[in-house]
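Notes follow the structure.
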Amino acid sequence: MITVKEFADVLEGDNILLVGGKQNINKEIAYLTSMELTEKTSRMKEKGFVMTTFHAFKNVNQIVSHLEWMQEIGISAIGFHTAALKTIPKEVVDYSNTHSFPLFEIPQEVPYYSIHEKYNQLVNKKENEQASKIHRLNEKLMEIVLLEKDLNSIVKVIGEYINNVVCVLDPYFDLIAYWKTKEQTRDEIKHLINLIINQHKENVLKVRFTNRETNITVKMGSLSDQNFKVAPLFSKMNFLGYLIICQNGAADKFSEEVIKNGIRALSLAAYNKNTLLHYQKSKDIEMLEGIFQGESDDKNLSDFYMDIKKVRCIFQVQSSSPETIQSKLQMLSESLIENETNSRLWIYNRKIVGVIDSILDRERVATILTDFPGIRIGVSAIDEVNHCSKIKAMYDQSSIGLLHGHIHDAQLVFWDEMGIEKIAYNLQSHHLFQNFDKELLGPLIAYDLEKNASLTETLYTYLKHFFNLQKSSSELFVHPNTVKYRLQKITELMLVDIQNPSHYSMLMLAFSIYRSKQKADHFQ
């Protein structure tokens, strides 16, 4: 933009002086033109510098009347050429000063073309200066990217140039960087983002899926509406977020270039950050999988990029539809992980594994299970990690939780809420107890197979109800006397006294192992 003052400073060298209207020297001069006729032509546009001799005008009143018209249509300044009138009439100078209408006196020997040359030189100089400024600004943006500074540093450069609100949202519409004027508060920016999403969510999403910018108008209640540009931030095939820029107010022709360079810098910075995070996550996951496989002795907590000491639990998710496991991973990432810095969620052995730094909220998980009935979740104990072996233990606990959920048809199982089964599932892996269930229950199992009877089920139900005959018969849908008869037969066949408290515990362990074996193959 070239102002009246800047042009006056250049013209002064040729003795073309500003003789009136000096109070309004910050007006913009967008073009030069000449006028010699008295007609009020439509070719006259605002922000012009009009050069004229006024030789066709009958008197000074007609000249002043024409000045009034030119000021009404927004002309920025008048160049009074003294080729016809050797001096500028006093009434013209008085009008110029009274109405703050810049008035230049052009000596009669100065041709119009030389003034055009001066203007063009000034335009070129200003554009070269601006181009250099844009070049330096672009270098600054690239420097920010190379120094791996945060996104706010880039947003600040854009915001300070266009002097308007600039915001960056992640793919889920969370505000991750912004620049505001001094008069605005952070809460106002958050409110603005809420208005944008509430009023234009579909248009904003379209930006992501079409990879094209869009313009939106946001209704601000009692305040005037505001216009915004929404641009997608992509790097290769990865969508990184949205750039939102307020377009109300002044902006020069270089603003678009600044925004374009800013988008490139934001995309590079976000990509670099994502690449680094991806590498860090991959290394952490690689070490976690090694620990799950029993390689905890050669690993230290300090080897992780994440702060592993902040981990509070591990959960596993199994889906009845393995082909949808990736979409469920995305859903759980959005629903359960609040701080990615100290949490990891990925697919391992056809299950989703979450190593997280928060405690799973039962109500929130229950809501997820309602929306996704085809999944089961096993959750470890809530504990503090002081050694890598604790990670292995928590993983095994979540595995047993999944197994328990499969056996007992439960969608959500917490290790801390399990009973004797947590011992039974581990006991069967010990070589001394591999056939523990058959040693105790073998005679009943063999009898049931031979006679097509149900003594095994009867004993389990009877023990489960703590020797309550009425409850046992109700669950088995038989008469209490039938249960009594079966118990007599069971007593004859069994090698242990089922009424003995010590034997009761062993029998319940044996049943837990027996039932787990029946479903374990299907579970795996």
Side-chain angles (χ1 to χ4, degrees), residues 1-36 43-53 70-71 73-83 88 96 100-144 154 156-164 166 179 229 245 247-265:
M1 181 181 81
I2 294 175
T3 65
V4 172
K5 182 183 184 309
E6 290 172 328
F7 199 32
D9 291 342
V10 171
L11 294 178
E12 190 176 0
D14 284 355
N15 202 30
I16 302 171
L17 304 178
L18 182 64
V19 296
K22 296 179 182 180
Q23 311 94 313
N24 211 356
I25 57 176
N26 290 321
K27 294 184 72 174
E28 179 186 0
I29 297 175
Y31 68 96
L32 268 59
T33 188
S34 59
M35 177 206 74
E36 296 301 337
R43 71 182 178 85
M44 290 285 186
K45 305 295 182 184
E46 63 176 348
K47 300 181 181 179
F49 180 93
V50 179
M51 299 175 290
T52 177
T53 62
M70 284 193 287
Q71 193 168 24
I73 65 172
I75 296 299
S76 297
I78 297 295
F80 197 117
H81 198 285
T82 57
I88 301 175
S96 169
S100 301
F101 194 17
L103 174 68
F104 288 82
E105 181 177 1
I106 305 174
Q108 61 177 342
E109 69 274 11
V110 176
Y112 287 163
Y113 74 82
S114 69
I115 299 175
H116 277 281
E117 287 179 354
K118 294 286 184 183
Y119 180 77
N120 291 334
Q121 288 171 4
L122 184 58
V123 169
N124 290 335
K125 178 183 176 185
K126 294 274 286 187
E127 287 192 349
N128 288 336
E129 289 174 353
Q130 193 65 26
S132 297
K133 181 179 178 181
I134 297 300
H135 179 71
R136 290 193 301 272
L137 185 146
N138 194 35
E139 286 185 333
K140 184 176 181 180
L141 289 172
M142 291 302 104
E143 182 182 358
I144 290 171
I154 298 172
K156 181 182 178 184
V157 173
I158 303 171
E160 287 181 343
Y161 185 88
I162 65 173
N163 197 32
N164 267 325
V166 180
W179 184 89
K229 177 198 290 289
I245 299 175
Q247 295 194 293
N248 285 37
D252 60 36
K253 66 179 184 179
F254 292 100
S255 295
E256 284 300 316
E257 186 174 353
V258 171
I259 293 170
K260 184 176 76 173
N261 291 337
I263 289 173
R264 185 188 306 120

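Looking at T3 and I25, their side chains never come closer than 4.5 Å, going by heavy atoms from C-beta outward. Between E257 and N138, the closest side-chain pair of non-hydrogen atoms is not below 4.5 Å. E256 is listed as a side-chain neighbour of K229, based on a closest heavy-atom distance under 4.5 Å. V157 is listed as a side-chain neighbour of L137, based on a closest heavy-atom distance under 4.5 Å. In this structure the side chain of E139 reaches within 4.5 angstrom of the side chain of H135, judged on heavy atoms.
Of all heavy-atom pairs spanning A265 and M142, the tightest one is CB-CE, 3.8 Å. The nearest pair of heavy atoms linking P102 to G21 is CG-O, 3.6 Å. For the residue pair Q108 and A83, the shortest heavy atom distance occurs at CB-CA, 3.8 Å. Taking both residues in full, the closest heavy atoms of I88 and F104 are given as CD1-O, 4.3 Å, listed atom of the first, atom of the second, then distance. Here the shortest heavy-atom pairing between F7 and I29 reads CD2-CD1, 3.7 Å. Minimum heavy-atom separation, M35 to M44: CB-CE, 3.5 Å.
With rounding to the nearest 0.5 angstrom, the CD1 atom of I106 is 8.5 Å from the OG1 atom of T82. Atom CG of L11 and atom CD of E105 lie 12.5 Å apart (nearest 0.5 Å). Of the inter-residue distances, the one linking S114 atom OG with D14 atom CG reads 6.0 Å to the nearest 0.5 angstrom. Rounding to the nearest 0.5 angstrom, the gap separating the CD1 atom in I158 from the OG atom in S255 is 11.0 Å. Note that CD of E6 is 10.0 Å distant from CD of E28, once rounded to the nearest 0.5 Å. If you take CD1 on I115 and CG on L32, they are separated by 7.5 Å, rounding to the nearest 0.5 Å.
For E12, the CD atom is loosely surrounded, since the number of other residues' heavy atoms within 6.0 Å does not exceed 12. Sparse packing is recorded around NZ of K5, with 12 or fewer heavy atoms of other residues, nucleotides or ligands lying under 6.0 Å away. Within 6.0 Å of NZ in K126 there are more than 12 heavy atoms belonging to other residues, nucleotides or ligands.
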Inset, instruction - Show your working on side chain to side chain contact (heavy atoms under 4.5 Å, CB included) between E36 and H81 and close with a plain yes or no. - result: CA-CA 11 Å; E36 296 301 337; H81 198 285; over 6 Å; no
Legend entry - side chain to side chain contact (heavy atoms under 4.5 Å, CB included) assessment of Y161 paired with I134: CA-CA 10 Å; Y161 185 88; I134 297 300; 3.7 Å; yes
Inset, instruction - Before giving the answer on side chain to side chain contact (heavy atoms under 4.5 Å, CB included), spell out for R43 and T33 the whole-Å C-alpha distance, their side-chain angles and the decisive distance to 0.1 Å. - result: CA-CA 10 Å; R43 71 182 178 85; T33 188; 3.1 Å; yes
Inset, instruction - For side chain to side chain contact (heavy atoms under 4.5 Å, CB included), just list the numbers for Q121 and K125, CA-CA rounded to whole Å, side-chain angles, deciding distance to a tenth of an Å, and then say yes or no. - result: CA-CA 6 Å; Q121 288 171 4; K125 178 183 176 185; over 6 Å; no
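In terms of modelled atom types and a separation under 3.5 Å, the side chain of N128 and the main chain of N124 share a donor-acceptor contact. Of the possible donor and acceptor atoms, none in the side chain of S34 sits under 3.5 Å from a partner among the backbone N and O of M51. Counting only distance, with no hydrogens or angles, the side chain of T53 and the backbone of F80 share no donor-acceptor pair below 3.5 Å.
Checked against the 6.0 Å centroid criterion, the rings of F49 and Y119 do not qualify as a close aromatic pair.
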